[in-house]
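The block underneath contains the structure these notes are about, expressed in structure tokens.
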Amino acid sequence: MALEIRSIKGTQDVLPSDTYKWQFVERLFLDTAKLYGFNEIRIPTFEDKSLFIRSVGDTTDVVQKEMYTFTDLGGRELALRPEGTAGINRAVIESGLINEALPVKLCYDISCFRAEKPQAGRFREFHQLGMELFGSHSPAADAEVIAFVSDFFNTLGLTNISLEINSIGCPNCRKNYHAALKEYFEARKADLCDTCLTRLDKNPLRILDCKSPVCKEIAKDAPIGLDYLCDECREHFEGLKKRLDALGIAYTVNPRIVRGLDYYTKTVFEFVSGDIGAQSTVCGGGRYDGLIKSLGGADQPGIGYAMGIERLLMVLEAQGIQIPKPSPCDLYIASMGENASVFAMKLASDLRNEGFAAESDLIGRSLKAQMKYADKIDAKYSMVIGDDELAAGKAKVKNMATGETHELDLNGDLSKFFYDQELAELSDSFGTGNISPEALNDLLR
Ligand code: ATP
Ligand code: MG
């Protein structure tokens, strides 16, 4: 029978053959974040639609074309979150966190939803790892979050990723810049797409972010924001560059980066990979000094970024970076007969209590089928329990790779054998100065 209901276009299942990669990246991210003093926040998947309209901006592609909105049974206008910053800003205001010890440093690991055309690196449900830092006007805060991303990418062993930075100024200097942009695009109005025509009056900066090839071509020669920065914004940008230089973080200034969300002020940045084709921005972020206040909170600045997990995994794959595979089952305990089955189950339970991965037969299959399964799941060791073993209180444990066997006392400390094997494996890899992915995973476990 054919499957009648299929997954929705632009969504994906992550199967166990891949989940370990997600878990590794997510855990490394959250652990590294802790070293920088960023703790995880979890926010709802859907919010009041107007939260996104007010923060992301009603002239952005995200709000105009990509948001999943719906009316619930209570008549509320809601939206699935297209990004995390809006919800986190709401949460820090609502919880009062923004009035406590500053800076507030948060990180997150969330799913996001955008009704975009699915293609390589672009999904309708995707996932972001990100950070928000609230309460600092200093470029030190900008440098800190950028340094984190750079550090995280280095730990993963990524190369060929470039950091591009820009400043789009504050509302003060943006007035002049907007006027210059308006004049420039007004003169080329005839060729702009319909969406950009509406942006011309409301928010000409958004035209620079339009995906239409014609608008892109026109935007190429548009005035550059950096030329219009006020003294404070210029100083801030210099302060950021000075810190990145001091930290040894390479960057290029790309005056064309404006980012696709309205709340940004001053610093904007992207990490771009040379290995994953057109959707090459792995991470994007910037400063949003007016957002908290505009949502009804204190007048506190913020800075943050988000990176797409799907794109990050694409880069890892493209660069041939192996993520340590989870260590397979340490011991598969095959059994013959009811008594042996009960004993095997208890043995597996005891071993798990000692931190080893153990499995026993749950289907009641033949010994041959059980051993085939042990092979399939890549068990490191196997053991067969039958009436003889039960009577003798001894059983042979077999190394599945070498075929080597050891007789073990079933009533003794079975876990000692596995500790010894693990230690030997670890010292072997330390001896060669080369820790295997499995051993590394054991260490992390
Ligand atoms: P793009 O230029 O690719 O449209 P964006 O500017 O819309 O990206 P942001 O809103 O800044 O992206 O989101 C931050 C990151 O989230 C992106 O750099 C990307 O890695 C990831 N991302 C955004 N949209 C998608 C999507 N539809 N599918 C997968 N990942 C995405
Ligand atoms: Mg986009």
Side-chain angles (χ1 to χ4, degrees), residues 8-12 14 22 25-26 29 52 55-57 59-68 79-89 107-132 145-146 148-149 152-153 156 158 161-166 168 195 205-213 215-216 219 254 256-265 267-288 291 302-318:
I8 303 297
K9 197 170 151 191
T11 68
Q12 346 178 67
V14 183
W22 287 70
V25 164
E26 291 172 317
F29 176 83
F52 300 112
S55 45
V56 174
T59 56
T60 59
D61 272 0
V62 171
V63 164
Q64 286 188 326
K65 304 178 182 170
E66 300 169 1
M67 214 152 55
Y68 278 101
L80 297 183
R81 60 184 174 212
E83 53 97 64
T85 302
I88 293 171
N89 274 262
C107 61
Y108 60 91
D109 176 2
I110 61 171
S111 53
C112 297
F113 307 85
R114 295 186 193 175
E116 304 191 73
K117 187 164 169 267
Q119 51 198 289
R122 206 185 283 296
F123 304 93
R124 291 185 172 170
E125 179 182 21
F126 61 100
H127 299 80
Q128 288 187 337
L129 298 171
M131 268 181 178
E132 314 289 353
V145 296
I146 292 174
F148 173 89
V149 181
F152 177 61
F153 287 167
L156 283 170
L158 296 184
I161 283 207
S162 52
L163 165 63
E164 301 185 356
I165 61 172
N166 188 24
I168 56 171
T195 318
L205 191 70
R206 283 276 70 84
I207 303 177
L208 298 176
D209 200 41
C210 183
K211 303 281 191 291
S212 132
C215 297
K216 263 189 180 165
N254 178 353
R256 290 291 165 208
I257 297 181
V258 294
R259 312 281 314 125
L261 313 165
D262 267 357
Y263 46 62
Y264 288 121
T265 52
T267 309
V268 287
F269 63 92
E270 291 185 352
F271 283 82
V272 182
S273 163
D275 290 307
I276 53 169
Q279 269 61 254
S280 55
T281 307
V282 182
C283 171
R287 181 169 271 282
Y288 45 85
L291 185 55
I303 176 149
Y305 67 82
M307 62 178 95
I309 302 184
E310 287 84 354
R311 285 192 202 173
L312 181 58
L313 291 172
M314 281 168 69
V315 178
L316 287 166
E317 174 103 25

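For ligands, and for the atoms within them, numbers begin at 1 and follow the listed sequence.
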Does a side-chain N-to-carboxylate-O contact under 4.0 Å join Glu310 and Arg122?
no
Protein heavy-atom partner closest to atom 21 (C) of ligand 1 - residue, atom, separation in Å:
Gly308 CA, 3.7 Å
Among all protein heavy atoms, pick out the one at the shortest distance from atom 22 (N) of ligand 1; state its residue, atom name and that distance to 0.1 Å.
Phe126 CE1, 3.4 Å
Within the structure, does Gln128 bring an N/O atom to less than 3.5 angstrom of an N/O atom in ligand 1?
yes
Proximal ligand 1 atoms for Gly121, defined as those under 4.0 Å from one of its heavy atoms
28 (N), 29 (C), 30 (N)
Check: Gln279 side chain, Ala120 main-chain N or O, donor-acceptor pair, under 3.5 Å:
yes
Approximate separation, where rounding is to 0.5 Å, of Ile146 CD1 and Met131 CE:
12.5 Å
Run the numbers for me: atoms of ligand 1, each under 4.0 Å from some heavy atom of Ala306, listed by number.
14 (C), 15 (C)
Ranked by distance from atom 28 (N) of ligand 1, the top protein heavy atom is Phe123 N, 2.9 Å
The protein heavy atom nearest to atom 2 (O) of ligand 1 is Lys211 NZ, 4.3 Å
Return yes if some donor-acceptor pair links the side-chain N/O of Arg114 with the main-chain N/O of Met67 below 3.5 Å, else return no.
no
For the pair Phe269 and Phe271, name the ring-plane relationship: parallel under 30°, tilted 30 to 60°, perpendicular over 60°.
perpendicular
Give me the ring orientation class for Phe148 and Phe29: parallel if the planes are under 30° apart, tilted from 30 to 60°, perpendicular past 60°.
perpendicular
Should you measure from each heavy atom of Val282, which atoms of ligand 1 turn up under 4.0 Å away?
18 (O), 20 (O)
With distance as the sole test, does Asn166 use its side chain to make a donor-acceptor pair with the main-chain N or O of Val268 at under 3.5 Å?
no
Would Glu164 and Arg256 count as a salt bridge (charged side-chain N to carboxylate O under 4.0 Å, His left out) if you check the C-alpha gap in whole Å, the side-chain angles of each, and the deciding distance to 0.1 Å?
CA-CA 10 Å; Glu164 301 185 356; Arg256 290 291 165 208; over 6 Å; no
Other residues, nucleotides and ligands only: do more than 12 of their heavy atoms fall within 6.0 Å of CD on Glu317?
no
To atom 18 (O) of ligand 1, the nearest of Asp61, Ile309, Thr281 on a heavy-atom basis is Thr281
How far is atom 8 (O) of ligand 1 from its nearest protein heavy atom, and which residue and atom is that?
Arg311 NH1, 4.3 Å
Does ligand 1 have any atom sitting under 4.0 Å from a heavy atom of Glu116?
yes
Given Arg114, Arg122, Met314, which has its nearest heavy atom closest to atom 5 (P) of ligand 1?
Arg114
Show the atoms of ligand 1 that are less than 4.0 angstrom away from any heavy atom in Arg259.
6 (O), 9 (P), 11 (O)
